[in-house]
*Asks:* 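I have a structure here, written as structure tokens, and I will follow up with some questions on it.
Note that the structure is predicted; figures quoted are calculated from it, not measured. In what follows, every chain begins at residue 1, and chains take the letters A, B, ... in the order their sequences are listed.
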Amino acid sequence: MHDIKSIRENPQDFDQALQLRGIYGMSAKILSLDEERRSAILDAETATADQNKAAREIGKAKSSNDENAFKILRDLVSSKKKEVASKSARAKELDQELTNLLMTIPNLPLSDVPVGKDELENVEIFKWGTPPEIKNAKEHFEIAGAKPGMDFETASKLSGSRFVLLRGSIARVHRALSQFMLDIHVTEHDLTETMTPVLVRDEAMYGTNQLPKFAEDSYKTTNGWWLIPTSEVTLTNTVSGRNLSESDLPIRLTAHTLCFRSEAGSAGKDTSGMLRQHQFEKVEMVSITHPDQSLEEHTRMTKCAQAILEKLCLPYRIVVLCTGDMGFGARKTHDLEVWLPGQKKYREISSVSVCGDFQARRMLARFKPTNGGKLKFVHTLNGSGVAVGRCLIAVLENGQNEDGSISLPAALSPYLGDCNRISSTGYLEKKV
RNA sequence: GGAGACGUGGCCGAGUGGUCGAAGGCGCACGCCUGGAAAGUGUGUAGGCGGGAGACCGUCUCGUGGGUUCGAAUCCCACCGUCUCCGCCA
């Protein structure tokens, strides 16, 4: 959420930044509402002050047994009360209206974010590895060694489309990947391992901006919980409502959780295979930082995700999302795209965003500066480290051999009983 | 699920209708004291919103939201949360 004061002070900058996201002339609307709101607050508080003053005098009148004064004052307060009620209702209404408006306006892009309208205008800034030469490269669900372990029919019988059931060696590699990622983040990147709920209340979803605007993207239980679409929700909201010490920062967290997404609006996209599912696993990273350190942290977090792909020998590139393709809460986003030989394309496997104080404001997450001074909002960052299902796809496709067997990255073998291969018939093997 | 207790400032804790944003303590900050420190001692020490050039003023906040009352931390209702006992259970 945006700071009304900074919009007041700098409406041009605000409009200019939002324009890059295709939103025009927003400040005028906000400021006129704000002005109306402030005068309503002044009205209401003036009336309240009058009422309070009279009420305090009643106390004195009572204690000096001045019955006459008591009666007069009581009637005065009584009449003021009606005035206060209507005026403060109006003030509250306008305040709510302003909040509602501010809640639906996306974050401002940083000045170095490329301007563009959609993913075609994202800018590649880094490339690692060389896409392997594979004759007749197949997609993951077509590879002989993967097929027995990837059962879409049974999953759809149980749950419908966009679900998969993994079995045997593929299920084990999937599990190995998540363990591997967590271990690296904990032992090499100094992130704190966290196990979080996947069912959350409204407030948490507001904090990380899934609500109020994107309710249709997530699932809600009959008793009002939301299934998290990412553990960004739970990890980031761990600091909601808190006044931290500056020395607590940065807080670096990671979690491996299930994620649930309705994929409303993506009908027809990525319908085959397990690239886009209603339910998937993801290892997430979240950092809570001092405002001066969030940009540095953005680089650090991106490197944490890069390290995973590099250790798994998966070719990838990094793109900076353009203004039109960035998510609602982000000021700048690095997408890591992994090479998928079956599609002959780079596909998103991680998205690392710096949100500034946008989420902190919604969550009321602040810290007390060490050298005194007022509470300040923290900065938040989140990134995938990385999507487990998609990583499985990348491992299978990049490791596929012409005979349908799959070579697995050495980094995984400690998690696979030293195996480094899946045979063309779908069994884990140890080959020297 | 049944029964009960409770929710006050950074922390502990007093306050059961009147000037209470709230005693006292701890912690913290700054001073005094000291050769230096400890001890002692003095002062200060929440946040949001609004007004004001500023000093400062107003308003709201004692889990959250409503209500009663001239007046609520204190009474009533709902919700959220914590704890204890019983039951059930991975």
*Asks:* When the P atoms of B/G15 and B/G63 are compared, how many Å lie between them, rounded to an integer?
*Replies:* 15 Å

*Asks:* If you measure from the C1' atom in B/G27 to the same atom in B/G35, how many Å do you get, rounded?
*Replies:* 29 Å

*Asks:* Distance check: side-chain N/O of A/Arg38 vs OP1/OP2 of B/G51, anything under 4.0 Å?
*Replies:* yes

*Asks:* Please report the shortest heavy-atom distance between A/Phe328 and A/Arg21, naming the atom on each side.
*Replies:* O-NH2, 3.8 Å

*Asks:* For a quick test of reading the model, state the closest non-hydrogen atom pair linking A/Cys259 to A/Ser231 and the distance between them.
*Replies:* SG-N, 4.4 Å

*Asks:* At their closest point, which heavy atom of A/Leu258 faces which heavy atom of A/Val198, and how far apart are they?
*Replies:* O-CG1, 3.9 Å

*Asks:* Check whether the side chains of A/His379 and A/Ser294 place a donor and an acceptor atom closer than 3.5 Å, and report yes or no.
*Replies:* yes

*Asks:* When rounded to the nearest Å, what value does the distance between C1' atoms of B/A73 and B/G17 take?
*Replies:* 11 Å

*Asks:* Can you pull every protein N or O that's under 3.5 Å from an N or O on nucleotides 77-81 of chain B?
*Replies:*
from  : atom 1 : to       : atom 2 : distance (Å)
B/C80 : O3'    : A/Arg201 : NH2    : 2.5
B/G81 : OP1    : A/Arg201 : NH2    : 2.4

*Asks:* Using a 4.5 Å cut-off on heavy atoms from C-beta on, say whether the side chain of A/Leu340 contacts that of A/His140.
*Replies:* no

*Asks:* Determine the stems involving RNA chain B; a stem requires 3 or more consecutive pairs of the Watson-Crick or G-U wobble kind, each with both distances below 3.5 Å, and the answer is none if no such run exists.
*Replies:* B:1-7 with B:80-86, B:10-12 with B:24-26, B:27-32 with B:40-45, B:46-51 with B:56-61, B:63-67 with B:75-79

*Asks:* What distance, rounded to whole Å, do you find between the two P atoms, one in B/A5 and one in B/G44?
*Replies:* 41 Å

*Asks:* Going by atom types alone, do A/Gln96 and A/Asn100 pair a side-chain donor with an acceptor below 3.5 Å?
*Replies:* yes

*Asks:* I'd like to check A/Phe280 versus A/Arg390 (side-chain heavy atoms, cut-off strictly below 4.5 Å). Are they in contact?
*Replies:* no

*Asks:* Does the side chain of A/Arg37 get closer than 4.0 angstrom to OP1 or OP2 of B/C49 through an N or O atom?
*Replies:* no

*Asks:* Under 3.5 Å, which protein N or O atoms sit close to an N or O of nucleotides 8-11 of chain B? Give each pair with its distance.
*Replies:*
none

*Asks:* Any chance NZ of A/Lys213 has more than 12 other-residue heavy atoms, nucleotides or ligands included, within less than 6.0 Å?
*Replies:* yes

*Asks:* Nearest nucleotide by nearest heavy atom, which residue falls closer to the 5' end of RNA chain B, A/Thr46 or A/Asp95?
*Replies:* A/Asp95

*Asks:* Atom CD of A/Gln51 to atom P of B/U69: distance rounded to whole Å?
*Replies:* 13 Å

*Asks:* Tell me the interatomic distance from A/Leu76, atom CG, to B/C70, atom P, rounded to whole angstroms.
*Replies:* 13 Å

*Asks:* Using the P atom in both, what is the distance from B/G25 to B/U45, to the nearest Å?
*Replies:* 15 Å

*Asks:* Using the P atom on both, measure B/C30 against B/A39 and round to a whole Å.
*Replies:* 15 Å

*Asks:* Rounded to the nearest 0.5 Å, how far does CG of A/Leu275 lie from CD of A/Glu139?
*Replies:* 8.5 Å

*Asks:* Can you see which heavy atom on A/Leu18 is nearest to which on A/Pro106, and at what distance?
*Replies:* CD2-O, 3.7 Å

*Asks:* So does A/Glu246 have more than 12 non-hydrogen atoms from other groups sitting under 6.0 Å from CD?
*Replies:* yes

*Asks:* Distance only, no hydrogens: is a donor on one side chain within 3.5 Å (strictly under) of an acceptor on the other, for A/Glu297 and A/Thr289?
*Replies:* no

*Asks:* Rounding to a whole Å, what distance do you find between A/Glu93:CD and B/C49:P?
*Replies:* 21 Å

*Asks:* Taking B/U43 as the reference, what is the distance to B/G47 when you measure between their C1' atoms (whole Å, please)?
*Replies:* 22 Å

*Asks:* Between A/Ser245 and A/Ser247, does any side-chain donor sit less than 3.5 Å from a side-chain acceptor?
*Replies:* no

*Asks:* Between A/Asp15 and A/Ser27, is there a donor-acceptor pair closer than 3.5 Å when you use the side chain of the first and the backbone of the second?
*Replies:* yes

*Asks:* Has A/Thr194 got a side-chain atom pairing as donor or acceptor with A/Ala255's backbone, closer than 3.5 angstrom?
*Replies:* no

*Asks:* Measuring from atom CE of A/Met301 to atom OG of A/Ser350, what distance do you get when rounded to the nearest 0.5 angstrom?
*Replies:* 9.5 Å

*Asks:* Pull out every residue in residues 77-85 of chain A that has a heavy atom closer than 4.0 Å to any atom of RNA chain B, ordered by number, or say none.
*Replies:* A/Val77, A/Lys81

*Asks:* Can you tell if the side chain of A/Pro229 reaches within under 4.5 Å of the side chain of A/Ser218, non-hydrogen atoms only?
*Replies:* yes

*Asks:* Just the rounded figure in Å: distance from C1' of B/G47 to CZ of A/Phe377.
*Replies:* 11 Å

*Asks:* Looking only at side-chain N and O atoms, does A/Gln359 offer a donor or acceptor that is under 3.5 Å from a partner on A/Thr380?
*Replies:* yes

*Asks:* Determine the Euclidean distance between corresponding C1' atoms of B/U19 and B/A72; express it in Å to zero decimal places.
*Replies:* 14 Å

*Asks:* Please report the interatomic distance CD(A/Glu429) to SG(A/Cys419), rounded to the nearest 0.5 Å.
*Replies:* 8.0 Å

*Asks:* In residues 3-11 of chain A, which ones come under 4.0 Å of RNA chain B, going by heavy atoms?
*Replies:* A/Lys5, A/Arg8

*Asks:* Students often get this wrong, so: under 4.0 angstrom with heavy atoms, is A/Leu375 touching a base, only sugar-phosphate, or nothing?
*Replies:* sugar-phosphate

*Asks:* Starting at CD1 of A/Ile41 and ending at P of B/G48, how long is that distance when rounded to a whole Å?
*Replies:* 15 Å

*Asks:* Find every protein N or O atom lying less than 3.5 Å from an N or O atom of nucleotides 59-65 of chain B, and list the pairs.
*Replies:*
from  : atom 1 : to      : atom 2 : distance (Å)
B/U59 : OP1    : A/Asn52 : ND2    : 3.2
B/U59 : O2'    : A/Glu45 : OE2    : 3.4

*Asks:* Rounded to the nearest Å, what distance is computed from the CG atom of residue A/Leu42 to the C1' atom of nucleotide B/G52?
*Replies:* 11 Å

*Asks:* Salt-bridge test for A/Glu45 and A/Arg38: reply yes if a basic N is under 4.0 Å from a carboxylate O, no otherwise.
*Replies:* no

*Asks:* So which one's nearest nucleotide on RNA chain B is more toward 5', A/Asp34 or A/Leu73?
*Replies:* A/Asp34

